[in-house]
Amino acid sequence: MDTSNPAVFVNGSLLRMYVGRRVRAVIQAIQPDAGGVTGKTTDDHQLVVKGSPPPVRLTNFVEIIGIADSDRSIRAEMWTNFGDTFDTQNYNQLCQLANGEFKHLFI
């Protein structure tokens, strides 16, 4: 596993802390458009994901790994379908742990 450029776990509230850095976020895909997808983060913030989604149909929840362009957009490097149901509350708790006192446990 390459650990030279880790992606930080973020939700909509945490994204602003990592503008210009590599992040990973789970979104609920709402609206595909010409330049990517508009979605809702697990803590209900609107997010624009820039880039071409994979040729397969996106499921309701998708993990995005990429560079945070702003506090409301990510330039996607990788898209991973996470299925049509997802526990957003648990993911938000994971984000808090990964950015809080247990940060050292996450790459």
Side-chain angles (χ1 to χ4, degrees):
M1 176 162 80
D2 179 16
T3 59
S4 62
N5 191 16
V8 180
F9 284 94
V10 297
N11 57 20
S13 299
L14 294 167
L15 188 60
R16 64 181 168 73
M17 296 171 45
Y18 298 100
V19 173
R21 295 202 30 214
R22 195 162 190 250
V23 296
R24 66 175 60 221
V26 174
I27 65 160
Q28 183 175 11
I30 296 172
Q31 173 81 30
D33 53 44
V37 171
T38 299
K40 184 173 69 168
T41 64
T42 55
D43 58 344
D44 293 324
H45 291 255
Q46 185 169 320
L47 181 69
V48 174
V49 181
K50 300 174 184 175
S52 299
V56 297
R57 181 188 77 81
L58 292 178
T59 57
N60 195 26
F61 291 93
V62 181
E63 181 186 53
I64 306 299
I65 298 176
I67 304 299
D69 278 342
S70 74
D71 63 343
R72 294 214 160 105
S73 69
I74 297 174
R75 189 171 9 99
E77 298 171 352
M78 189 180 322
W79 307 68
T80 305
N81 280 329
F82 268 26
D84 291 325
T85 59
F86 187 79
D87 191 328
T88 58
Q89 188 173 24
N90 278 350
Y91 184 81
N92 285 329
Q93 289 175 331
L94 171 67
C95 289
Q96 295 305 316
L97 291 171
N99 288 279
E101 74 177 286
F102 297 105
K103 191 174 189 172
H104 63 282
L105 296 175
F106 296 86
I107 298 174

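Under a hydrophobic-cluster definition in which Ile, Leu, Val, Met, Phe, Trp and Tyr are linked whenever side-chain heavy atoms come within less than 4.5 Å, directly or via other members, F82 and I65 are assigned to different clusters. Cluster annotation: L15 and V19 are assigned to distinct hydrophobic clusters (Ile/Leu/Val/Met/Phe/Trp/Tyr, side-chain heavy-atom contacts under 4.5 Å, transitive). Linking Ile, Leu, Val, Met, Phe, Trp and Tyr whenever their side-chain heavy atoms come within less than 4.5 Å leaves V48 and V10 in two separate clusters. Note on M78: it does not cluster hydrophobically with I27, by side-chain heavy-atom contacts below 4.5 Å among ILVMFWY residues. Each of V62 and V56 belongs to its own hydrophobic cluster when Ile, Leu, Val, Met, Phe, Trp and Tyr are linked at side-chain heavy-atom distances under 4.5 angstrom.
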Exercise. After noting the C-alpha distance and the side-chain angles of I67 and E77, does the key distance pass the side-chain contact (heavy atoms from CB on, under 4.5 Å) rule?
Worked result: CA-CA 8 Å; I67 304 299; E77 298 171 352; 3.7 Å; yes
For this session: Determine, step by step, whether T88 and F61 satisfy the side-chain contact (heavy atoms from CB on, under 4.5 Å) criterion, reporting the C-alpha distance in whole Å, the side-chain angles of both residues, the deciding distance to 0.1 Å, and the verdict.
Result: CA-CA 10 Å; T88 58; F61 291 93; 3.9 Å; yes
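When all heavy atoms are compared, the tightest approach of A7 to R24 is O-NE, 3.7 Å. Residues Y18 and A68 come closest through the heavy atom pair O-CB, 3.4 Å. The two residues K103 and A98 make their nearest non-hydrogen contact at CG-O, 3.5 Å. Between V37 and P53, the closest heavy-atom pair is CG2-CG, 4.1 Å.
Within 6.0 Å of the CZ atom in R22, the count of heavy atoms belonging to other residues, nucleotides or ligands exceeds 12.
The backbone N or O of L14 sits nowhere less than 3.5 Å from a side-chain atom of N99 that would complete a donor-acceptor pair. The backbone N or O of G12 sits nowhere less than 3.5 Å from a side-chain atom of D44 that would complete a donor-acceptor pair. Between the side chain of N11 and the backbone N or O of T42, no donor-acceptor pair lies under 3.5 Å.
To the nearest 0.5 Å, the span separating CD1 on I64 from CG on L58 amounts to 7.5 Å. A distance of 9.0 Å separates CG in N5 from CZ in R21, rounded to the nearest 0.5 Å. Distance check, rounded to the nearest 0.5 Å: NE2 of H45 to CZ of R72 gives 8.0 Å. Distance CG/D84 to CD/Q28: 9.5 Å, rounded to 0.5 Å. Remark: D87 CG to Q93 CD distance equals 8.0 Å, nearest 0.5 Å. Note: E63 CD to F9 CZ = 6.5 Å, rounded to the nearest 0.5 Å.
Between T85 and N60 there is no side-chain heavy-atom pair separated by less than 4.5 Å.
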